[in-house]
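Chain A is the first sequence line, chain B the second, and so forth, proteins listed ahead of strands; every chain is numbered from 1.
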There are 2 protein chains.
Amino acid sequence: MTAHTLRYYERVGLIQPVGRAHNGHRRYSEADEAWIQFLHCMRATNMPIREMQRYAELRELGDATSLERRKILEDHQAEIAAQIVALQQAHALLTHKIANYRKIEQRIRINSPALSEPEVDCELAPSA
Amino acid sequence: MTAHTLRYYERVGLIQPVGRAHNGHRRYSEADEAWIQFLHCMRATNMPIREMQRYAELRELGDATSLERRKILEDHQAEIAAQIVALQQAHALLTHKIANYRKIEQRIRINSPALSEPEVDCELAPSA
DNA sequence: GTACATCTTCGAGCGCGCTCCAAGTCAAGA
DNA sequence: TCTTGACTTGGAGCGCGCTCGAAGATGTAC
């Protein structure tokens with residue numbers, strides 16, 4: 001995470017104004033770092049900035065907002081679960097297609113341009 | 001996938017000019033649809049358009065490009081695997097934090113504002 | 001015949017999330 | 001003392017991936 005990004009996060013309210021050294025330079029506390037790490041983790045899993053802003057805002061308001069914050073996290077967790085499923089499906093599809101490419105390469109190596117089997121279109125995804 | 005997106009994909013070369021009805025309207029063949037579905041799957045797993053363009057380009061050149069195409073897919077599959085790991089970690093972290101919120105809510109319900117235990121900072125991620 | 005919907009084209013616009021630049025301040029090292 | 005480098009600020013710019021709008025042609029229903 002670059003300094004530019006940290007400034008940006010501060011500007012848009014994801015990070016509260018942080019402590020400064022005597023010369024005005026920012027000094028991040030361990031709590032700041034933990035929060036930033038959390039933000040990073042949420043961004044890395046595609047939580048929109050808007051949603052993170054909402055969450056940060058509620059966090060400033062204290063424990064009374066626990067329920068709403070929990071809901072945000074639960075929703076995001078559901079999003080993550082869905083993403084994992086999509087990624088796993090794509091992963092499986094790619095395994096299939098990569099194997100197919102290996103077959104094609106094999107066919108080229110042994111100089112056997114045609115298959116007696118019906119042509120395997122490497123781009124056709126299996127229906128599964 | 002919207003019509004706008006399909007036009008866009010055609011413009012940028014992800015889809016070859018497709019067949020037309022007598023009135024000029026596009027008619028997608030089953031092969032077209034399979035290819036588009038594949039594109040969709042790759043986009044849904046965060047393959048950049050540029051990379052898809054490269055792949056599409058090689059695909060036009062036929063079997064001789066099998067090796068390079070395979071490499072693209074293998075790289076993307078590795079990307080996907082990494083994404084899955086990140087998502088799974090975030091999922092676990094959220095499970096932890098959500099449980100923590102439930103505790104806080106419980107504490108509020110039974111009107112017990114303080115814990116004898118050291119304060120649990122709900123934003124601190126577990127080091128794991 | 002006449003609405004109306006649906007397609008066509010091209011180009012412009014937009015939302016997101018950074019990313020960078022310019023000008024200035026300060027601190028330590030040669 | 002002078003250079004260097006790391007920080008400060010505000011605002012502008014950018015890359016990506018769509019997304020939309022306008023103007024026009026065509027087909028279907030009443």
Side-chain angles (χ1 to χ4, degrees), chain A residues 1-30 32-33 35-59 72-73 75-76 78-80 82-83 86-87 89-90, chain B residues 1-33 35-59 72-73 75-76 78-80 82-83 86-87 90:
Chain A
M1 180 164 275
T2 72
H4 282 309
T5 304
L6 284 174
R7 302 298 162 274
Y8 169 69
Y9 278 14
E10 204 174 307
R11 252 190 300 171
V12 301
L14 285 179
I15 302 172
Q16 285 301 106
V18 75
R20 301 295 180 119
H22 64 285
N23 59 6
H25 292 196
R26 287 172 180 79
R27 288 291 168 256
Y28 293 94
S29 70
E30 287 194 10
D32 291 331
E33 283 188 32
W35 171 240
I36 287 164
Q37 206 171 91
F38 173 67
L39 291 176
H40 186 65
C41 180
M42 293 302 98
R43 271 303 300 141
T45 54
N46 307 309
M47 181 181 275
I49 295 280
R50 269 183 203 287
E51 210 165 319
M52 290 166 60
Q53 283 172 323
R54 177 75 185 136
Y55 185 86
E57 192 183 309
L58 292 170
R59 182 170 174 265
I72 291 173
L73 296 192
D75 288 353
H76 184 55
E79 273 296 313
I80 286 175
Q83 285 181 58
L87 288 169
Q89 284 175 356
Chain B
M1 180 163 276
T2 71
H4 281 307
T5 303
L6 285 174
R7 302 298 163 273
Y8 169 69
Y9 279 13
E10 204 174 307
R11 252 190 300 172
V12 300
L14 285 179
I15 303 171
Q16 285 301 107
V18 74
R20 302 294 182 121
H22 65 286
N23 58 5
H25 291 193
R26 287 172 180 78
R27 288 291 167 256
Y28 293 94
S29 69
E30 288 193 11
D32 292 329
E33 283 188 33
W35 170 241
I36 288 163
Q37 206 170 91
F38 173 68
L39 291 177
H40 187 66
C41 180
M42 293 303 98
R43 271 303 300 141
T45 54
N46 306 310
M47 181 181 275
I49 295 280
R50 269 182 203 287
E51 210 165 319
M52 289 166 59
Q53 283 171 323
R54 177 74 185 136
Y55 185 86
E57 191 183 309
L58 292 169
R59 182 169 173 265
I72 291 173
L73 297 192
D75 288 353
H76 184 54
E79 273 296 313
I80 287 175
Q83 285 181 58
L87 289 168

Item checked: Residue-phosphate contact under 4.0 Å: A:Arg26 side-chain N/O, D:dC7 OP1/OP2 -> no
Note to self: Tell me whether B:Arg20 at atom CZ has more than 12 heavy atoms from other residues, nucleotides or ligands lying less than 6.0 Å away.
What the structure shows: yes
Next item on the list: On DNA chain C, check which nucleotide each of B:Asn23 and A:Ile49 is closest to and give me the residue with the more 5' one.
Entry: B:Asn23
Check: Is the phosphate of C:dC20, meaning OP1 or OP2, less than 4.0 Å from a side-chain N or O of A:Tyr8?
Finding: no
Next item on the list: Measure from CG on B:Leu14 to P on D:dC18 and round the result to the nearest Å.
Entry: 9 Å
Margin query: Taking 4.0 Å as the cut-off, does a side-chain nitrogen or oxygen of A:Arg43 come that near to OP1 or OP2 on C:dC16?
Written below: no
Notebook entry, point to check: Given atom CD of B:Glu10 and atom P of C:dC10, what is their separation to the nearest angstrom?
Noted result: 10 Å
Checklist line | Rounded interatomic separation in angstrom, taking CD from A:Gln53 and C1' from C:dC16 | finding: 11 Å
Check: Base, sugar-phosphate alone, or nothing: which one does A:Arg11 contact when heavy atoms must sit under 4.0 Å apart?
Finding: base
Notebook entry, point to check: Given atom NE2 of A:His40 and atom C1' of C:dG17, what is their separation to the nearest angstrom?
Noted result: 14 Å
Checklist line | Contact check, side chains of A:Ile72 and A:Met47, non-hydrogen atoms, under 4.5 Å | finding: yes
Notebook entry, point to check: Looking only at side-chain N and O atoms, does A:His22 come under 4.0 Å of OP1 or OP2 in C:dA27?
Noted result: yes
Notebook entry, point to check: Between B:His25 and A:Gly24, which is nearer to the 5' end of DNA chain D once each is assigned its nearest nucleotide?
Noted result: A:Gly24
Next item on the list: Determine whether A:Ile36 and A:Tyr9 make a side-chain contact, defined as any pair of heavy atoms from C-beta on separated by less than 4.5 Å.
Entry: no
Margin query: What's A:Arg20 touching, base or sugar-phosphate or nothing? Going by heavy atoms closer than 4.0 Å.
Written below: sugar-phosphate
Item checked: Value in whole Å for how far the C1' atom of D:dC14 lies from CZ of B:Arg50 -> 12 Å
Next item on the list: Could you state the atom-to-atom distance from CD1 of B:Ile15 to C1' of D:dG17 in whole Å?
Entry: 14 Å
Item checked: Distance in angstrom units between A:Glu51 CD and C:dG17 P, rounded -> 10 Å
Next item on the list: Output yes when A:Glu57 and A:Arg54 qualify as a salt bridge under the 4.0 Å nitrogen-oxygen rule, no when they do not.
Entry: yes
Note to self: Contact between A:Arg26 and A:Arg7 at the side-chain level, heavy atoms closer than 4.5 Å - yes or no?
What the structure shows: yes
Check: Tell me: NE2 of A:His4 to C1' of D:dA6, nearest whole Å?
Finding: 12 Å
Notebook entry, point to check: Does B:Tyr9 place a side-chain N or O at less than 4.0 Å from the phosphate oxygens OP1/OP2 of D:dG17?
Noted result: no
